[in-house]
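Notes to accompany the following structure.
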Amino acid sequence: MTSVLSIQNISKSYGPIAALKGVSFDVPEGSVFGVLGPNGSGKTTLLGIILDVLLAKGGTFSWFGGMPHDQARKEIGSLLETPNFYHYLSAYNNLEITAALRGKGEDDRIRVLKQVGLFERKDSKFQTFSLGMKQRLAIGAALLGRPKVLVLDEPTNGLDPAGIAEIRELIRSLNREGITIIIASHLLDEIEKVCTHVAILKRGDLLLSGHVDEVLVSEDQVEVRAADMNLLQEVLKGLAGVKKVRLAEQTLQLSCDEYTGTSQVNEYCISKGIILSHLLLRKKSLETKFMELTNEQKPA
Ligand code: ATP
């Protein structure tokens with residue numbers, strides 16, 4: 001798969017604070033790429049660097065296979081901070097001001113308003129918008145000029161669940177139109193619903209990156225129970241694809257390799273004369289994985 005962005009060994013310090021410590025990953029074309037991490041992990045710093053707002057201390061990054069940065073910037077729409085829209089002006093007039101600053105015409109404004117689902121409300125004053133609509137307009141402003149890539153920093157910050165759902169749907173529909181989307185967020189469950197790929201940062205270190213499915217699949221667990229749990233535990237030690245067996249609450253939890261799933265476990269147990277009373281594939285959520293990786297406590 002072609003990369004729209006390749007980041008190699010990026011580092012950045014603010015005086016004694018190492019905000020990024022040699023971060024490398026590729027963003028595949030057509031992906032929704034989540035840059036995840038708790039507060040202070042370096043997400044905003046990384047976005048600032050790839051958008052040429054901040055200068056890295058070390059490392060390199062290249063857009064679109066090495067396109068000069070000034071040219072590449074024309075293909076990238078970004079939303080790092082909520083723009084200062086005028087409350088008493090309409091959505092259309094607000095975009096008119098933004099578009100004028102960027103030299104974009106009326107066609108583009110209308111297209112963008114349709115894209116973010118605000119065309120019907122184009123003449124409503126900004127102050128009458130819900131927070132979700134305001135954020136959609138901000139994303140609209142980033143879409144002026146038909147960028148191929150959209151970079152969003154915490155796009156659902158401060159939104160209620162309905163607003164979060166609106167942005168999620170918008171991200172999905174923009175991605176279906178072919179736009180690659182890079183999102184920094186700490187809202188893992190939201191990211192899990194919308195992202196195809198993730199990179200997880202902790203205090204400036206890249207802990208992991210890859211396709212969401214690969215990240216999750218490598219951590220699946222198979223749960224089993226049988227009448228004789230001791231015998232079951234003994235027998236399962238002989239199944240080659242089982243990496244770890246753990247007994248918790250009268251259930252055996254098996255960490256398996258990628259070739260071993262519920263059917264392999266079931267067939268093996270039957271071949272050993274054991275009938276399972278419980279067999280379940282438990283996929284680890286990205287949040288669980290994230291909490292493990294970053295040693296953060298899951299909020300109550
Ligand atoms: P958040 O989710 O809180 O926005 P983040 O993951 O985006 O966090 P950054 O804002 O990139 O992380 O910050 C990374 C580290 O760099 C933090 O320790 C932060 O305090 C520090 N930092 C960021 N900007 C500055 C600055 N201008 N001056 C000094 N330190 C900074």
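Because only heavy atoms are used, hydrogens play no part in the values below, and waters and symmetry mates are left out as well, while side chains stay in. Both ligands and their constituent atoms are indexed starting at 1 by order of listing.
Residue, atom and distance of the protein heavy atom nearest to atom 9 (P) of ligand 1 are Thr45 OG1, 3.6 Å. For atom 23 (C) of ligand 1, the closest non-hydrogen atom of the protein is Tyr14 CE1, 3.3 Å. Scanning all protein heavy atoms for the shortest distance to atom 4 (O) of ligand 1 gives Thr44 OG1, 3.6 Å. In terms of protein heavy-atom proximity, atom 20 (O) of ligand 1 is nearest to Ile17 CD1, 4.9 Å. Nearest protein heavy-atom neighbour of atom 12 (O) of ligand 1: Gly42 N, 3.0 Å.
Among residues two or more places apart in sequence or in another chain, the salt bridge (Lys or Arg N to Asp or Glu O under 4.0 Å) test is passed with Lys244 by none.
In this structure, His211 and His197 have perpendicular ring planes: the angle between them is above 60°, well past the 30° mark.
Relative to the six-membered ring of Phe129, Lys134 misses at least one condition, a distance below 6.0 Å or an angle of at most 45° to the axis.
Considering backbone and side-chain N/O atoms, Gly40 comes within less than 3.5 Å of an N/O atom of ligand 1. Polar contact with ligand 1: absent for His186 (N/O pair, distance under 3.5 Å).
Using a 4.0 Å cut-off to heavy atoms of Pro38, the atoms of ligand 1 that qualify are 6 (O).
Rounding to the nearest 0.5 Å places OG1 of Thr180 at 11.5 Å from CG of Leu174.
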Name the atoms and distances for all side-chain donor-acceptor pairs under 3.5 Å in residues 61-70, with sequence neighbours left out.
{"residue": "Trp63", "atom": "NE1", "partner": "Ile50", "partner atom": "O", "Å": "2.9"}
{"residue": "His69", "atom": "ND1", "partner": "Asp52", "partner atom": "OD1", "Å": "3.4"}
{"residue": "His69", "atom": "ND1", "partner": "Asp52", "partner atom": "OD2", "Å": "3.2"}

